Structures are given as C-alpha cells and as structure tokens.
Amino acid sequence: MQLVDIGANLTHSAFETDRSEVVARAKQAGVGRIIVTGTAVDESLAATRVADELGLWATAGVHPHHARDCGPSTIPALRDIARHPRVVAIGECGLDFNRNYSPHPDQEKWFVAQLELGMELGKPLFLHSRDAHPRFSEILHSHKPEKAVAHCFTGEQAELHAYLDLGLYIGITGWICDERRGRHLVKLVRDIPRDRLLLETDSPYLTPRDLRPQPRARRNEPALLPHILEAVARALGRPAEEVAADTTRNAVALFGLDESRASAPAQRPLAA
Ligand SMILES: [Zn+2]
C-alpha cells in the first residue's frame, strides 16, 4: 500500500526537532509521498526547503488567514517560489469565514489573485474553504481553475455537490474520525466519486479523535494517514487497499508528483 498525504504542515514548529524522523515514520507506515502545505510566502519558501531536504513536495500560497498581510510583492514572490520543481500546486488559498482573521474583501482579493496565478502557471490549486459556502463557489464559477482540490472538506451535502459540480477533487482528513463534528462525513463521503477522493492529515492539526492511544501532545503526523484511510474505507464499505489505490492514483493525476522531473538539475531556480 502506498499512500499520498496531500496536506501536511511540516514547516510547523511542532516538527522542528524531529522532522526527518516524522517523514521516516510516514514512509514506514506506507505514506511514501507527502505534500507540504505552504500557508504564507515565507512558509512556502520553507516548504520548498523541507521538500528538497526530505524528498517531499510542496505548495506555494497564502492562507486566507494571512490575506491582510498580502501586498504588491506577494504574487511575484509566489510565482518565483512556484518555479521550484517540487512545488506542485498553488495554495493553500481560499476563504475562511469561520475565524475571520482577515477582512472578507482582503480574503477575496488574494484568493482571486492566486487562482489567476495558478491558471497562468498551469498548476493545480490547493483550496481552503471554511464556512465560506456559497461565496467560495461563486468565485470559483467566475475564475474556474482546470484542476483543484477542496482540501480538508468538512461541509454539508449542498456544499460538497457544489464543489463536485465545479470539478473539484475532495480532500478528507481525520475530521471524519471525530464523533462530535465529523459524523455527517461518514455518510457524505459516499457521494464523492472514486476518482475525486484524496486523503490528507493536515498535520499537526486534526489528530483523529478516535485514535488510541492519542499521540504525544496530540500532535498529528503523516504516519497516521492509514488510520484515516481505514475510517474512509469503513464509511464507503470498501476494502482499504482499493481506496488507497484510488486516492494515490488521484493524487498523481492532480499533482503529477514526478520524481524524475523534480530532480532535473536544470530546473533549480532557487539557489539564492
Ligand atoms: Zn486549510
């Protein structure tokens, strides 16, 4: 079994002292490929360094929480980072009307700017949406990326179907293991076509609540992805091996993850 964790925040300080052990543990657990989420310009650059160092992949983008910090240099900086051969997507970007750390107009402006960047570069989009339906879908209708994933999907049926109609892939996290907040997902994942489903930990966040024992400091990590796979497979009533094969195939279809291209020396622009 070979899984892809499409979203792990491995630049987070929680991984500062043992990042390479975390990745080794993931590989041992069958999580052979990991995409490190970029959440701000400096974090995206850090994600490419981690990806280089540990043979992983990365995204380049600004999370809606940080939209208020964006300015004229943001998109040029992301464009530059995205030239790195291990950067496989633009994002995470989107809207977060749950915490509202940035004003809505700022969130929308920089969401659109990143959608346009992704389309300009021909890269898939790694999308974040929290309590932002239907505005999120409206924006996607007018700036429709060719390939994108709604990462960490936690919404309800109408939202899911709006995203599927937009052609999005759907990323499922350990939220589905949460007996308080994730119960609806157990039924809802059956609505996701086999060729649109992706798995992710969103580590160090969203540690599966039903995991026993809970990890130290309740830190989630990519090695726990098989636990999420089992929960999804159970919900679908399908063998875990099949779901693993589907989701890995989908991750490759969306992101490429071509090791031979990533190590081509001619494509290394970020020497400085
Ligand atoms: Zn997110």
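Predicted model only: the values in this text are computed from it and were never measured. The residues of the chain are indexed from 1 along the displayed sequence. Atoms within each ligand, like the ligands themselves, are counted from 1 in listed order.
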Next item on the list: Would you check if there is a donor-acceptor pair between the side chains of E200 and T173 at a distance under 3.5 Å?
Entry: no

Notebook entry, point to check: Can you check whether F111 and F136 have ring centres sitting under 6.0 Å from each other?
Noted result: yes

Check: Below 2.8 Å, any N, O or S contact between H128 and the Zn ion (ligand 1)?
Finding: yes

Next item on the list: Provide the atom name of the closest N, O or S atom of E92 relative to the Zn ion (ligand 1).
Entry: OE1

Check: Is the gap between the ring centers of Y101 and H63 under 6.0 Å?
Finding: no

Margin query: Do L95 and E108 make a side-chain contact, defined as non-hydrogen atoms from C-beta onward lying under 4.5 Å apart?
Written below: yes

Check: Would one find an N, O or S atom of H63, in either backbone or side chain, under 2.8 Å from the Zn ion (ligand 1)?
Finding: no

